[in-house]
There are 2 protein chains.
Amino acid sequence: MTQLDLDARLAGTANAVPPNAVPANRVGRPLDLTRDADILDAALDVLAEEGFDGMTIDMVAARAKAGKATLYRRWPSKTELVIDAVACMKNSDLNLNDLPDTGTLRGDFIAMMKPAPIRDASQKLRVMAGLVSLIARNPDLAEAARAAVIAPRAEINRRFLQRAIDRGELSADIDIPLVSSISPSMITYRTMMLGKPVDRDYLITVLDKIVLPAAGLGQ
Amino acid sequence: MTQLDLDARLAGTANAVPPNAVPANRVGRPLDLTRDADILDAALDVLAEEGFDGMTIDMVAARAKAGKATLYRRWPSKTELVIDAVACMKNSDLNLNDLPDTGTLRGDFIAMMKPAPIRDASQKLRVMAGLVSLIARNPDLAEAARAAVIAPRAEINRRFLQRAIDRGELSADIDIPLVSSISPSMITYRTMMLGKPVDRDYLITVLDKIVLPAAGLGQ
DNA sequence: AAGTTCCGAAACTGCTTAGTTCCGTATATA
DNA sequence: TATATACGGAACTAAGCAGTTTCGGAACTT
């Protein structure tokens, strides 16, 4: 995550305005850039455990073994730090360019159900849960959360569906955005509303009994 | 809501321990029982607008035109007040005993898509959004929220599906809990995660393209 | 009428936390 | 070596808020 995050920052992809542009050459001790990633990771951990309002700057600083001053030297406020932390989750995702390609829609979806991606998605969902009540009132945060958590997952599903259409497995007139949102919806609801775990069996059930039928592939 | 709430309190169904049992005959000015409902309604409004952490006791008192002391005379803490307010949402629901019965599964679901129930569900969802981050850490609140918001909706869907099975419209081996959770999941995700409105057209799309196919009723 | 309890309003207390400042130390430039 | 800036840590400031108390007045019982 550290390396990914750093690369993204240097490439300027994580945020329109990187939180700490590498400064012009000047005298004095330089900013320790590795602290950024530690702090952002700590913020995500605390966010997932406590939610936005339960999270305090002291908790984040303590978990990152940093001083509060170090945090405020890099981000102007708690909200900005969180927006940045959420935006950086984006980079931990699988690359869209090397998605599995098994030849069938079902195979592609199943290939995504590895322990690591499931754990990763679960962490993102916990972070999202801690932000939901703010999202309705903070457009910047909403934007960051959607770009980091919602959009990548939907995009993967969209690509799988489009490929299935292209190879003739699926009818071309299915509602791609709608079908793409089925499994994220089911997973989110089961986690946030029902408080039940999402495991591989559940994912396969959703796939076979809901997603594939909606795509026109009755079993 | 006032009358329903009062009835529920007297019947003891809203909570295991009603917040303010009607007291034994005694001297002095009696508790004005109508204040309870006003305060709970105000709490729900503020909750929907601000979320749990954004909601302050002063806001609730002001909106209910009550004094803070009146609130604390009836509930021991902010959390207890919210749990009670959420529990009382349960009573605003359609009675399970006079659900529409149109003779087809699709007809039954469509019959539920009236403006009033949609608005009611939307309000409940906004309240839920303000509680999500707490639900993971407060079992009492989670229980109240599920009983008031999640369970009634799922129960309606379950009954529609069971009736469809009973009349032979549906195969008996469908996964009722799973299919019941489809539309709540899609609605929750669209509202909380995507921030898009849920209107009648969307509900019908979900019904025709996802729920009915999953129930084995391809169009 | 006397005594009791409720009401809304407002002042008050105590704690938490976002954000700031300062310190001794570490790491860079010139 | 002199200067400048970052670091972690801790003390500090200011504001917001949960919960309490007090007050004048209203509503009830006896």
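Side chains included, hydrogens not; waters and symmetry mates left out as well; all remaining heavy atoms used.
Toward the 5′ end of DNA chain C lies the nearest nucleotide of B/G28, the other residue of the pair B/G28 and A/S77 mapping further downstream.
Annotation: side-chain hydrogen bond (donor to acceptor under 3.5 Å, both in side chains) contacts of A/E50 (sequence neighbours excluded): none. Remark: A/N95 pairs with A/N97 by the side-chain hydrogen bond (donor to acceptor under 3.5 Å, both in side chains) rule, at least two apart or across chains. A/R200 meets the salt bridge (Lys or Arg N to Asp or Glu O under 4.0 Å) test with no other residue; sequence neighbours excluded. Taking the side-chain hydrogen bond (donor to acceptor under 3.5 Å, both in side chains) definition, one finds that A/D32 meets it with A/T34, sequence neighbours left out. Legend: residues meeting salt bridge (Lys or Arg N to Asp or Glu O under 4.0 Å) with A/R126, ordered by chain and number and at least two apart, are absent. Under the side-chain hydrogen bond (donor to acceptor under 3.5 Å, both in side chains) criterion, A/T102 pairs with A/D108, not counting sequence neighbours.
With contacts defined as side-chain heavy-atom distances shorter than 4.5 Å, the pair B/Q123/B/D45 qualifies.
Bounding nucleotides for the chain B contact on DNA chain C, 5' to 3', at a heavy-atom distance below 4.0 Å, are C/dT4 to C/dA9.
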Show which side-chain atoms of residues 62-72 of chain B pair as donor or acceptor with protein atoms under 3.5 Å away, not counting sequence neighbours.
from	atom 1	to	atom 2	distance (Å)
B/R63	NH1	B/E49	OE2	3.2
B/R63	NH2	B/E49	OE1	3.1

Which atom pairs, one a donor and one an acceptor, fall under 3.5 Å between side chains of residues 150-158 of chain A and the rest of the protein, sequence neighbours left out?
from	atom 1	to	atom 2	distance (Å)
A/E155	OE1	A/R158	NE	3.3
A/E155	OE1	A/R158	NH2	3.4
A/E155	OE2	A/R159	NE	3.0
A/N157	ND2	A/S180	O	3.0
A/N157	ND2	A/S183	OG	3.4

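Here B/R26 does not reach the OP1 or OP2 of D/dT30: none of its side-chain N or O atoms lies under 4.0 Å away.
Rounded to whole angstrom, the span from the CZ atom of B/R73 across to the C1' atom of D/dT21 amounts to 11 Å. Taking atom CZ of A/R35 as the reference point, atom C1' of D/dG9 lies 13 Å away to the nearest angstrom. Note: CZ (A/R29) to P (D/dT5) measures 14 Å, nearest angstrom. Distance, A/W75 CH2 to D/dA6 P: 14 Å, rounded to whole Å. With rounding to whole Å, A/K78 atom NZ is found 15 Å from D/dA15 atom C1'. Regarding B/L81, its CG atom lies at a distance of 16 Å from the P atom of D/dC17, rounded to whole Å.
In this structure, B/K196 fails the cation-pi test against B/Y189, since its NZ or CZ atom is not both closer than 6.0 Å to the six-membered ring centre and inside 45 degrees of the ring normal.
A salt bridge (Lys or Arg N to Asp or Glu O under 4.0 Å) check over residues 175-187 of chain B, counting only residues at least two apart or in different chains, returns the pairs A/K209-B/D175.
Using a 4.0 Å cut-off on heavy atoms, the residues of residues 50-59 of chain A that approach DNA chain C are A/M55, A/T56, A/I57, listed by number. Residues from residues 63-70 of chain B that place a heavy atom under 4.0 Å from any atom of DNA chain D, listed by number: B/K68, B/A69.
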